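Notes follow the structure.
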Amino acid sequence: MSSKNLDFGTFAQDVMLGLSASPKSLPSKYFYNAKGDKLFQKIMAMPEYYLTKKEFEIFETQYELILDPILNLDQPFNLVELGAGDGLKTKILLKYLKSRNADFEYFPIDFSGSVLQELEESLKDEFPDLSVTCLEDTYRGSLVKRLWDNGKPNLILFLGSNLGNFSQEEAFDILDHLRIGAAHGDFVLIGIDLKKDPQTILDAYHDPEGITRDFNLNLLDRINQELDGDIDLNTFKHWPCYDPISGECRSYLVSLKKQKINLKALDQSFDFEAFESVFTEISKKYSLKEIEQFAEKGGFESVQNFTDSENYFADVLWRRK
Ligand SMILES: C[S@@+](CC[C@H](N)C(=O)[O-])C[C@H]1O[C@@H](n2cnc3c(N)ncnc32)[C@H](O)[C@@H]1O
């Protein structure tokens, strides 16, 4: 693995910045350490977390249609994946590509080194002949460096509603990076969570077992572990809420009392008023019409939209103009 590049700063710098701000916030990419990766795998298996199941259904039922455009080029290509995670759904595509004897190289990219290592090992087991280069990097960092660039056409995957983890404005910036990272004629497949019954959406971020709570609280646990903090996790409440107009499901950690937290490694402390919150994650839902506008604005032409049987989720295939 190579090329670590943080978007803005180190974990310590981002925590300092986020907890000094008003309102307080922490970047969601820090959810994903070894413990967070495991918790996210548990989330994906939860009955309420429809996102993974719906995208899985799309891949299982439409993999041929999804991959036809890149295969029809009839030349070697790269399969690049931003925020690959454990590659669960991508393996459906890999299996089909292998069955077609496609000549391609797979470049999974993720900010979490631990999940990349797990993915690398599982790929060695399940696809021993596959040519794989793991890149530990951020979305933006990897799209600027284009380490996969070997002159071959690319299919860039951005699955699992990863784009939804950005506000609309930030999403435009990511798409701008995607436009820079893709060469003319390259394909991009983006997994988008669609607007639907608000209760269905909220349930996915507020399960009765408390797995999503633990995932959110893991940010504070990570601060305790890595920055020698003294945060009592029981004094913070996981609070997700969904706004059906903006399509934003936002997660917060609410301090249940007035308190001071100390981060010994940084020799810093931060004051919390009772019920002061830390914004931790956005999971934005879109309509297909909004996504079409994204493609146009971002310099891509829409090739085809793939949806599941309930229209909960969409994988949109675009081509760089
Ligand atoms: C929601 S999970 C989705 C994983 C996988 N794409 C899927 O659909 O199951 C997001 C993944 O992206 C990674 N990630 C989050 N923010 C990132 C960033 N800014 N740059 C690179 N990877 C990031 C996380 O480590 C995690 O593995």
Side-chain angles (χ1 to χ4, degrees), residues 1-11 14 26-46 49-60 66 79-94 106-120 122-123 134-145 147 156-167 170-171 173-175 177-178 181 188-193 204-205 211-212 215-216 218-219 222 249 251 280-285 308 312-315:
M1 279 179 250
S2 57
S3 295
K4 186 146 186 157
N5 173 318
L6 306 183
D7 261 355
F8 302 110
T10 60
F11 179 57
D14 286 342
L26 290 168
S28 63
K29 64 175 183 257
Y30 293 119
F31 281 133
Y32 302 92
N33 60 356
K35 184 174 165 199
D37 293 337
K38 288 277 169 271
L39 283 167
F40 187 68
Q41 282 166 0
K42 275 187 159 183
I43 288 175
M44 289 196 291
M46 286 175 358
Y49 200 75
Y50 60 84
L51 292 84
T52 307
K53 286 167 241 334
K54 294 300 180 184
E55 194 169 39
F56 199 87
E57 177 196 320
I58 293 171
F59 279 21
E60 275 212 316
I66 293 171
L79 185 69
V80 178
E81 180 163 13
L82 304 169
D86 68 0
L88 180 81
K89 288 159 291 180
T90 311
K91 286 176 183 171
I92 300 172
L93 305 184
L94 296 177
Y106 178 40
F107 293 87
I109 297 151
D110 206 290
F111 179 63
S112 164
S114 62
V115 86
L116 265 189
Q117 202 171 349
E118 198 182 302
L119 176 62
E120 199 168 31
S122 76
L123 288 171
C134 290
L135 301 171
E136 189 178 336
D137 207 340
T138 61
Y139 305 141
R140 290 182 179 93
S142 60
L143 287 165
V144 170
K145 288 180 222 141
L147 291 180
I156 304 178
L157 308 176
F158 197 27
L159 310 179
S161 185
N162 288 0
L163 185 65
N165 292 138
F166 297 94
S167 67
E170 287 173 317
D173 180 62
I174 293 284
L175 290 180
H177 278 78
L178 207 49
V188 172
L189 184 75
I190 308 182
I192 306 282
D193 195 12
Y205 300 89
I211 304 169
T212 45
F215 183 65
N216 200 5
N218 182 46
L219 272 175
R222 184 167 181 179
C249 190
S251 293
T280 54
E281 187 183 37
I282 182 173
S283 304
K284 191 166 157 56
K285 318 302 169 189
D308 63 280
Y312 272 24
F313 201 91
D315 280 287

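For ligands, and for the atoms within them, numbers begin at 1 and follow the listed sequence. Only a predicted model underlies this, so the values are computations on that prediction, with no experimental measurement involved.
- If you look at Met44 next to ligand 1, the close heavy atoms, those under 4.0 Å, all belong to the side chain.
- Under a 4.0 Å heavy-atom criterion, Asn162 is in contact with ligand 1.
- Separation of the Phe40 and Tyr32 ring centroids falls under the 6.0 Å cut-off.
- Within the cation-pi definition used here (under 6.0 Å to the ring centroid, within 45° of the axis), Arg222 qualifies as a partner of Phe11.
- Side chain of Asn165 to backbone of Ile282: a donor-acceptor contact under 3.5 angstrom is found.
- Close contacts between ligand 1 and Lys89 involve ligand atoms 7 (C), 8 (O), 9 (O) [criterion: under 4.0 Å to a heavy atom].
- Counting heavy atoms under 4.0 Å from ligand 1, residue Ala84 touches it through the backbone alone.
- Comparing Phe56, Tyr139, Tyr30 by heavy-atom distance to atom 17 (C) of ligand 1, the nearest is Tyr139.
- Pairs of residues two or more places apart, or lying in two chains, that qualify as salt bridge (charged side-chain N to carboxylate O under 4.0 Å, His left out) and include a residue from residues 30-41 are Lys35-Asp221, Lys38-Glu118.
- Here Phe31 has no heavy atoms under 4.0 Å from ligand 1, in either its backbone or its side chain.
- Per-residue contacts place Thr138 under 4.0 angstrom from the following atoms of ligand 1 (heavy atoms of the residue considered): 20 (N), 21 (C).
- Near Gly85, with a cut-off below 4.0 Å to any heavy atom, the atoms of ligand 1 are 4 (C), 27 (O).
- Between the choices Asn165, Ile109, Asp137, Leu159, the shortest heavy-atom distance to atom 21 (C) of ligand 1 belongs to Asp137.
- Any N or O atom pair closer than 3.5 Å counts here, and Phe40 shares no such pair with ligand 1.
- Ligand-side atoms of ligand 1 in range of Gly160: 8 (O), range being under 4.0 angstrom from any heavy atom.
- Here's the thing with Phe111: one of its N/O atoms is less than 3.5 angstrom from an N/O atom of ligand 1.
- For Ser161, the side chain to side chain contact (heavy atoms under 4.5 Å, CB included) criterion is met by Leu51, Asp193, Phe313, not counting sequence neighbours.
- When atom types are taken as modelled, the side chain of Ser251 and the backbone of Thr280 share no donor-acceptor pair closer than 3.5 angstrom.
- In terms of modelled atom types and a separation under 3.5 Å, the side chain of Lys89 and the main chain of Glu57 share no donor-acceptor contact.
- Considering backbone and side-chain atoms alike, Asp110 places an N or O below 3.5 Å from some N or O of ligand 1.
- Judged by distance alone, with hydrogens and angles left aside, the side-chain atoms of Glu81 form no donor-acceptor pair with the main-chain N or O of Leu157 at under 3.5 Å.
- Between Asp173 and Arg140 a salt bridge is recorded (basic side-chain N to carboxylate O distance below 4.0 Å).
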